[in-house]
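Here the structure is a predicted model, which is why all the values come from computation and not from measurement.
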Amino acid sequence: LDPGQNSTFMDNYLDVPVDLSKALFVCTANVKDTIPKPLLDRMEVMQLAGYIPEEQVQITKNHLIPRAYTDSGLRPDQIDITHEAIQNLVRNYCRDAGVRNLQKHVDKIVRKVALKVVRDKDQKYSVTDENLHNFVGKQVFSADRYYEENPTGVVMGLAYTQMGGAALYIETVADPQSTKNGLRITGQLGDVMKESTSIAYTYAKNHIEVVSPSNKFFETAALHLHVPEGATPKDGPSAGITMVTSLLSLALNSPPTPNLAMTGELTLTGKVLPIGGVREKMIAAKRAGVKTVILPIANRKDWDELPENIRTGLDAHYADYYSDVFAIAFDKSLQPPVPPKSREEKSVARPSVKEKPKKSPKVPKTKTESKPKKSEEPKFHEKSDVVVTSKETEEERKKAVEEVAILINDFKSSRSKTSRNKIKDKK
């Protein structure tokens with residue numbers, strides 16, 4: 001395939017050199033992951049998006065069905081495939097990105113009708129949504145949507161597969177039988193997706209301290225994260241924000257926003273990275289009845305390039321950091337508090353306090369002639385709050401006054417919590 005090396009290609013069967021430097025090879029594949037790296041390096045890759053369901057319906061009507069009629073010898077007046085039957089065929093039987101599988105199903109329907117026409121002459125057959133299963137069997141795919149309203153700990157993500165886009169649920173529950181806290185994952189996940197779960201778990205524990213500092217759920221709970229359809233291998237980093245949302249939903253005991261789906265890779269610092277397959281994922285979101293989608297902010301250009309018929313009915317939001325995702329996925333009452341003002345702003349906003357003189361507070365002299373009181377309760381000086389008793393000597397009083405004066409000056413300069421604790425301890 002390399003033009004720089006195939007000018008003297010040797011055909012081992014004919015034992016004849018062949019010049020292939022001016023030959024153009026065109027190869028097709030559903031995914032790039034299965035192509036060997038040395039071969040992929042010598043190729044120019046062109047990404048071709050799959051057909052959307054509306055396009056597949058029109059291709060079936062205008063091309064696949066007429067071709068099947070010609071191959072089977074049927075006339076249009078002998079068979080009628082309704083529009084609803086074609087939609088059902090596309091939605092529940094043939095979810096591939098192309099039309100190859102769709103063509104096989106159409107040919108199967110037409111062949112069965114042709115056999116019935118031969119047996120029962122001069123009879124027209126109609127293929128409808130109700131009797132479609134008589135020709136192609138039971139539905140291959142079930143509904144993408146498992147829940148009308150997601151329960152706590154369940155969030156819908158969006159995945160890209162070789163069959164096109166698909167809805168991908170992330171479910172998290174607490175395991176009351178386990179005595180050890182941590183996270184257990186199931187669902188036949190690949191290495192990249194396993195790393196995403198570790199990142200999501202670490203970030204969720206850090207983020208919960210921001211939105212709910214008193215919440216200690218992750219410190220004691222044993223969690224189990226599962227991705228349904230365990231027989232299907234899954235891999236990729238684009239479920240990062242979905243996993244964090246699932247974990248936080250369980251920790252906060254709050255379900256996510258209804259009719260919401262999301263996709264995006266997450267870093268340990270909460271940065272949302274771009275993903276691929278936006279077109280296919282948006283098709284899957286529409287098929288699942290989703291109204292709101294969250295995309296990485298770097299994928300805004302991919303959304304703008306989508307056809308209008310795909311974008312219609314979807315409300316897209318963009319996230320730069322996970323805080324943007326949290327603001328959309330959860331109720332406003334769960335949003336983190338407004339960050340506190342800086343120390344300079346606090347000092348400006350704080351009401352003015354009269355400065356006390358820096359000189360050491362004076363301690364009233366005790367009269368030696370005065371009789372001691374019955375109760376030995378300590379007396380508190382008005383300025384220094386130094387405890388003075390009748391048993392203290394003059395040197396001890398002076399030493400205590402000097403120490404308090406030093407602490408007061410430190411408190412005025414720093415006003416730190418440590419200084420306040422020292423004052424309290426001295427009291």
Side-chain angles (χ1 to χ4, degrees), residues 28-41 43 45 47 49-50 95-97 140-142 144 146 150 153-173 175 182-205 222-250 261-285 287-288 293-296 298-299 302 319 322 325:
T28 61
N30 291 332
V31 291
K32 293 191 301 182
D33 301 338
T34 56
I35 302 176
K37 293 297 181 182
L39 180 60
L40 187 61
D41 291 339
M43 290 182 171
V45 180
Q47 298 284 353
R95 288 189 181 177
D96 48 345
V140 178
F141 299 98
S142 58
D144 280 354
Y146 297 162
N150 291 348
V154 178
V155 182
M156 181 190 292
L158 298 171
Y160 175 69
T161 66
Q162 61 182 1
M163 301 292 291
L168 184 72
Y169 277 92
I170 305 295
E171 300 178 341
T172 307
V173 297
D175 186 2
L183 180 66
R184 184 162 63 99
I185 56 175
T186 55
Q188 201 172 346
L189 308 184
D191 293 338
V192 177
M193 206 165 185
K194 288 179 181 177
E195 292 181 354
S196 295
T197 59
S198 300
I199 294 172
Y201 185 54
T202 301
Y203 182 81
K205 291 189 290 185
L223 304 179
H224 185 177
L225 186 147
H226 177 66
V227 183
E229 298 186 12
T232 304
K234 310 169 191 69
D235 205 1
S238 63
I241 62 174
T242 314
M243 293 178 178
V244 175
T245 306
S246 176
L247 291 167
L248 292 176
S249 173
L250 186 65
M262 61 188 69
T263 178
E265 182 180 352
L266 187 72
T267 67
L268 277 175
T269 58
K271 181 72 174 178
V272 181
L273 303 183
I275 44 84
V278 174
R279 176 187 172 100
E280 288 76 11
K281 291 179 179 180
M282 294 305 103
I283 295 173
R287 187 170 58 233
V293 293
I294 301 177
L295 297 170
N299 289 111
D302 300 314
Y322 183 78
V325 179

(message) The criterion is side chain to side chain donor-acceptor pair (under 3.5 Å); which residues satisfy it with Glu171, sequence neighbours excluded?
(response) Tyr147
(message) Contact between Thr172 and Met243 at the side-chain level, heavy atoms closer than 4.5 Å - yes or no?
(response) no
(message) Give me the atom names and distance for the closest heavy-atom approach of Val272 to Ala319.
(response) CB-O, 3.7 Å
(request) For side chain to side chain contact (heavy atoms under 4.5 Å, CB included), just list the numbers for Val45 and Lys32, CA-CA rounded to whole Å, side-chain angles, deciding distance to a tenth of an Å, and then say yes or no. (result) CA-CA 9 Å; Val45 180; Lys32 293 191 301 182; 3.9 Å; yes
(request) Not counting sequence neighbours, which residues clear ring-ring contact (aromatic ring centres under 6.0 Å, His included) with Phe141? List them please. (result) none
(request) Please answer whether the main-chain N or O of Gly187 pairs with a side-chain N or O of Lys234 as donor and acceptor at a distance below 3.5 Å. (result) yes
(message) If I take atom OG from residue Ser198 and atom CD1 from residue Ile185, how far apart are they, to the nearest 0.5 angstrom?
(response) 6.5 Å
(request) Mind listing the closest non-hydrogen atom pair of Pro296 and Gly264 along with its distance? (result) CG-CA, 3.9 Å
(request) Report yes if some heavy atom in the side chain of Leu266 is under 4.5 Å from a heavy atom in the side chain of Leu273; otherwise report no. (result) no
(message) Per the salt bridge (Lys or Arg N to Asp or Glu O under 4.0 Å) rule, what does the pair list look like for residues 266-283, sequence neighbours excluded?
(response) Glu55-Arg279, Lys271-Asp320
(request) To the nearest 0.5 Å, tell me how far Ser196 OG sits from Asp191 CG. (result) 11.0 Å
(message) Tell me the closest heavy-atom pair linking Ala284 and Gly165, and the distance in Å.
(response) CB-C, 3.4 Å
(request) Please check if the side chain of Ser238 supplies one atom and the backbone of Thr263 the other of a donor-acceptor pair under 3.5 Å. (result) no
(request) Might you confirm whether atom CG of Asp41 has over 12 heavy atoms from other residues, nucleotides or ligands at distances under 6.0 Å? (result) yes
(message) Any non-hydrogen side-chain atom of Ile199 less than 4.5 Å from a side-chain atom of Thr267?
(response) no
(request) Could you walk me through whether Met262 and Leu158 pass the side chain to side chain contact (heavy atoms under 4.5 Å, CB included) test, one step at a time? (result) CA-CA 6 Å; Met262 61 188 69; Leu158 298 171; over 6 Å; no
(request) Report yes or no: does Asp235 contribute a side-chain atom to a donor-acceptor pair with the main-chain N or O of Val192 at less than 3.5 Å? (result) yes
(message) Under the rule for side-chain contact (heavy atoms from CB on, under 4.5 Å), what residues qualify as partners of Ala166, not counting sequence neighbours?
(response) none
(message) Applying side chain to side chain donor-acceptor pair (under 3.5 Å), can you list everything that pairs with Thr186, at least two apart in sequence or on another chain?
(response) His224, His226
(request) For Thr202, enumerate each residue passing the side-chain contact (heavy atoms from CB on, under 4.5 Å) test, keeping only those at least two apart in sequence or located in another chain. (result) Asn206, Leu268
(message) One pair to check against side chain to side chain contact (heavy atoms under 4.5 Å, CB included): Tyr169 and Val154. What are the steps and the verdict?
(response) CA-CA 7 Å; Tyr169 277 92; Val154 178; 3.6 Å; yes
(message) Return the OH to CG distance between Tyr160 and Leu168, rounded to the nearest 0.5 Å.
(response) 15.5 Å
(message) Could you go through Leu223 and Val173, starting from their C-alpha distance and side-chain angles, then the distance that decides it, and tell me whether this counts as side chain to side chain contact (heavy atoms under 4.5 Å, CB included)?
(response) CA-CA 6 Å; Leu223 304 179; Val173 297; over 6 Å; no
(message) What's the separation between atom CG in Asn150 and atom CD1 in Ile170, rounded to the nearest 0.5 Å?
(response) 11.5 Å
(message) Between Asn299 (side chain only) and Ile275 (backbone N and O only), is there a donor and an acceptor less than 3.5 Å apart?
(response) yes
(request) State whether the side chain of Thr242 and the backbone N or O of Gly157 hold a donor-acceptor pair below 3.5 Å, judged by distance alone. (result) no
(request) Hey, could you give me the OG/CD1 distance between Ser246 and Ile241, rounded to the nearest 0.5 Å? (result) 12.5 Å
(message) Side chains of Tyr322 and Thr245 only: does a donor on one sit below 3.5 Å from an acceptor on the other?
(response) yes
